[in-house]
2 protein chains.
Amino acid sequence: MSTNDQALKQYDSNKYRTPDGYTSDIAVFTIVATEQRAYKPPKMKLALMLIQRAALNAEGDPNIEANKWALPGGFVQESETAFEAAKRELHEETNIQDIHLKHFGVYDEPGRDPRGWIISNAHYAIVSENKISMRKANDDAAEVKLFSMDQLQKLSQESKLAFDHDEIIQAAIQQIKADLLQTTVAKEFLPNTFTFSELQAVLLTVTDDPAIKSNQAFIRKIKSLPFLEAVPGQTTQRTSKTPTQLYTFVEMDVLKPIYTAKY
Amino acid sequence: MSTNDQALKQYDSNKYRTPDGYTSDIAVFTIVATEQRAYKPPKMKLALMLIQRAALNAEGDPNIEANKWALPGGFVQESETAFEAAKRELHEETNIQDIHLKHFGVYDEPGRDPRGWIISNAHYAIVSENKISMRKANDDAAEVKLFSMDQLQKLSQESKLAFDHDEIIQAAIQQIKADLLQTTVAKEFLPNTFTFSELQAVLLTVTDDPAIKSNQAFIRKIKSLPFLEAVPGQTTQRTSKTPTQLYTFVEMDVLKPIYTAKY
DNA sequence: GTAATAGTGTCTTTTAGACACTATTGT
DNA sequence: ACAATAGTGTCTAAAAGACACTATTAC
């Protein structure tokens with residue numbers, strides 16, 4: 001028996017108080033086209049999917065935080081990571097699969113969940129709108145609904161958000177806003193190839209930077225960005241009557257120091 | 001009795017398999033001055049503090065992962081968050097207090113810890129060199145030592161890092177490098193007021209960007225950055241014989257979109 | 001005076017911002 | 001032809017990059 005094995009024998013997890021639960025929650029973001037007409041550049045809005053907690057749980061007993069709106073999520077199993085659990089639960093609860101998922105925080109404030117010492121791993125997901133419409137609600141989830149940022153503020157003010165999900169949602173919004181502007185995740189909201197105005201519409205959901213708002217400025221800037229590439233000869237007419245150049249994201253690490261950028 | 005209270009009564013945490021442990025680990029970074037002479041601008045190097053696991057534990061039994069190098073850390077108590085635990089443990093294990101701490105990841109891969117289902121919250125801390133020299137080792141920590149990035153690579157290759165700390169350390173390095181360049185955390189490595197060459201030395205530990213490397217470029221750029229401010233009339237001679245302007249960080253959110261920065 | 005570091009003058013090149021303009025095409 | 005979107009020409013201002021230069025001070 002190795003010394004490491006001997007050491008292992010000595011270890012007893014009962015010596016320590018352990019958590020009562022280990023969960024994953026997912027802030028599912030989508031961008032809904034608020035205006036989608038032929039030959040028109042899209043106008044978009046960021047939205048978050050929430051689930052309304054049922055009045056009764058699967059056993060027919062009163063549910064915790066009944067009727068409030070919550071992030072989809074659930075308990076992590078011993079055989080998986082919180083990240084994997086998030087994927088699985090999203091699939092189980094809303095039938096959504098193959099989406100971009102990112103862990104962005106841990107919520108473990110004592111007392112955050114009335115059921116005990118329950119730790120939540122917060123993730124955000126990016127899902128295209130059509131996938132969400134294919135969703136299904138399960139026993140525990142009375143209803144699935146998309147909320148705009150404005151609507152979320154109202155839910156928050158009226159205390160209609162379950163547990164500490166208000167706080168988690170605020171952090172998720174901050175995180176996705178920063179990521180949309182500082183990384184290339186915008187691609188997760190877009191088809192493989194896209195026009196400048198489609199990318200622009202995505203970015204405008206989280207910023208009002210004049211350099212992004214201005215068509216001429218943005219159309220020129222896009223050509224000098226190393227992580228974007230025009231697809232030669234590829235055009236589309238889905239945003240305008242004039243055939244429009246399609247672009248695609250180039251896989252690369254992007255990190256721009258604040259000390260060298262222009263302000 | 002409210003319906004919520006009734007629901008609570010139904011909940012039984014024993015229905016679910018729960019983790020065997022909930023821990024916090026801390027990657028303690030410091031910047032060591034590799035050249036510190038009078039009237040000279042400093043030269044700096046990033047270093048990480050690790051603890052060598054003792055051969056025997058407090059009870060005199062063989063220790064798990066004995067003699068390997070590990071991040072300081074330990075079990076989170078029910079009455080605290082992982083973040084608070086990280087602060088407490090850093091203090092207990094190394095006597096370090098009042099430092100910048102940031103949560104950057106969760107490690108919960110099944111089997112990552114031979115003792116069972118143990119979840120680790122990874123944090124990084126920024127500590128000035130003099131605080132680390134005031135450290136003390138406790139029973140469980142045979143030795144505390146600073147490692148340069150090169151030395152860490154060697155430790156990794158020779159499998160001298162405990163548990164999955166190799167992976168955590170790599171992520172911590174990536175994280176702090178990005179944060180040093182994209183946020184104003186560099187201030188945590190510096191005194192309240194500092195010269196351009198001191199800030200420059202900190203940044204050069206993680207980048208070789210010519211705009212930062214060049215004295216003239218950097219000294220000019222620094223004046224136009226909204227999050228840096230010259231302290232009027234304040235100078236020092238600690239980096240040169242000529243009295244040098246002192247700067248300070250201005251508290252503000254900094255977020256530069258990659259779509260508007262110059263490349 | 002010398003050596004070393006901080007900082008400026010100035011020129012050139014590149015980029016950004018603004019405005020007017022042209023190009024394309026379904027209706 | 002018109003309306004609407006994509007995209008260019010061009011001018012100006014600002015910023016970046018490069019190089020030579022000046023300023024300060026301990027020794």
Side-chain angles (χ1 to χ4, degrees), chain A residues 33 35-44 193-201 203-204 207-226 228-247 256-263, chain B residues 33 35-44 193-201 203-204 207-226 228-247 256-263:
Chain A
E35 213 181 306
Q36 185 89 298
R37 301 211 311 269
Y39 309 118
K40 280 270 174 195
K43 287 186 184 173
M44 297 181 172
T193 63
F194 48 87
T195 68
F196 85 95
S197 61
E198 289 170 335
L199 171 57
Q200 188 185 31
L203 299 178
L204 288 179
T207 186
D208 56 358
D209 189 315
I212 293 175
K213 239 179 179 167
S214 155
N215 277 19
Q216 290 108 318
F218 193 65
I219 211 168
R220 281 192 159 126
K221 187 71 199 176
I222 214 176
K223 292 175 186 172
S224 69
L225 297 175
L228 284 172
E229 187 170 71
V231 188
Q234 287 264 54
T235 58
T236 183
Q237 280 183 297
R238 64 178 178 254
T239 64
S240 84
K241 292 166 184 172
T242 89
T244 308
Q245 178 62 54
L246 285 168
Y247 290 85
K256 194 64 197 160
I258 57 175
Y259 297 97
T260 61
K262 199 208 116 195
Y263 279 91
Chain B
E35 211 182 306
Q36 185 88 298
R37 301 212 312 269
Y39 307 119
K40 281 269 175 196
K43 287 185 183 173
M44 297 180 174
T193 62
F194 47 87
T195 68
F196 85 96
S197 60
E198 288 169 335
L199 171 57
Q200 188 184 31
L203 299 177
L204 288 179
T207 188
D208 55 359
D209 189 315
I212 292 175
K213 240 181 179 165
S214 154
N215 276 19
Q216 288 109 318
F218 193 65
I219 211 167
R220 278 190 162 127
K221 186 72 198 174
I222 212 177
K223 290 175 186 171
S224 69
L225 297 175
L228 284 173
E229 188 170 72
V231 188
Q234 287 264 53
T235 58
T236 182
Q237 280 183 296
R238 63 178 179 251
T239 64
S240 84
K241 291 166 184 170
T242 90
T244 308
Q245 179 62 54
L246 285 168
Y247 290 85
K256 195 65 198 161
I258 57 175
Y259 298 96
T260 62
K262 199 207 114 194
Y263 279 92

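Residue numbers start from 1 in every chain, and the chains themselves are labelled A, B, ... in the order their sequence lines are given, proteins ahead of strands. Both backbone and side-chain heavy atoms feed into the values below; hydrogens, waters and symmetry mates do not.
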Over how many whole Å does the gap from [X] atom [atom1] to [N] atom [atom2] extend?
X: N215(B); N: dT24(D); atom1: CG; atom2: C1'; result: 16 Å
X: F196(A); N: dA4(D); atom1: CZ; atom2: C1'; result: 12 Å
X: K256(A); N: dT15(C); atom1: NZ; atom2: C1'; result: 12 Å
X: Q200(A); N: dA6(D); atom1: CD; atom2: C1'; result: 11 Å
X: L199(B); N: dA6(C); atom1: CG; atom2: P; result: 13 Å
X: I219(A); N: dA16(C); atom1: CD1; atom2: C1'; result: 16 Å
X: I222(A); N: dA16(C); atom1: CD1; atom2: P; result: 14 Å
X: F218(B); N: dG7(C); atom1: CZ; atom2: P; result: 12 Å

- Query: Taking only side-chain nitrogens and oxygens of K40(A), does any of them come within less than 4.0 Å of OP1 or OP2 of dA3(D)?
  - Reply: no

- Query: Quick one: is K223(A) getting a side-chain N or O under 4.0 Å of the dA6(D) phosphate, OP1 or OP2?
  - Reply: no

- Say whether, by atom type as modelled, one donor and one acceptor occur between the side chain of T236(A) and the main chain of Q234(A) under 3.5 angstrom. no

- Message: Test your reading of the model: is there a side-chain donor-acceptor pair from Q200(A) to the backbone of I212(A), 3.5 Å cut-off?
- Response: yes

Going by atom type alone, with no hydrogens or angles, which donor-acceptor pairs under 3.5 Å involve a side-chain atom of residues 219-226 of chain A and a protein atom two or more places apart or on another chain?
residue: K221(A); atom: NZ; partner: A261(B); partner atom: O; Å: 3.1
residue: S224(A); atom: OG; partner: K221(A); partner atom: O; Å: 2.9

- Heavy-atom side-chain contact between Y259(B) and D209(A) under 4.5 Å: no

- Flag the pair K256(A) / T260(B) as yes when at least one side-chain heavy-atom distance between them is below 4.5 Å, and no otherwise. no

- Query: Looking at CG of L199(B) and CE of M44(B), how far apart are the two atoms once the value is rounded to the nearest 0.5 Å?
  - Reply: 9.5 Å

- Message: Could you report the tightest heavy-atom contact between T193(A) and R238(A), atom names first, then the distance?
- Response: O-NH2, 2.9 Å

- Note on the structure: Nearest-nucleotide check on DNA chain D, K262(A) vs Q216(A); residue mapping nearer the 5' end is Q216(A)

- Task: Could you check whether S197(B) gets within reach of a base, just the sugar-phosphate, or nothing at all, counting any heavy atom under 4.0 Å?
- Result: sugar-phosphate

- Check each residue of residues 232-247 of chain B for a non-hydrogen atom within less than 4.0 Å of any atom in DNA chain C, then write out the ones that pass by number, or none. T239(B), S240(B), T242(B), T244(B), Q245(B)

- Task: Report the nucleotide, chosen from dA6(C), dG17(D), dT10(D), that has the shortest atom-to-atom distance to any side-chain atom of A211(B).
- Result: dG17(D)

- Ignoring hydrogens and angles, does a donor from either the side chain of R220(B) or the base of dG17(D) sit under 3.5 Å from an acceptor on the other? no

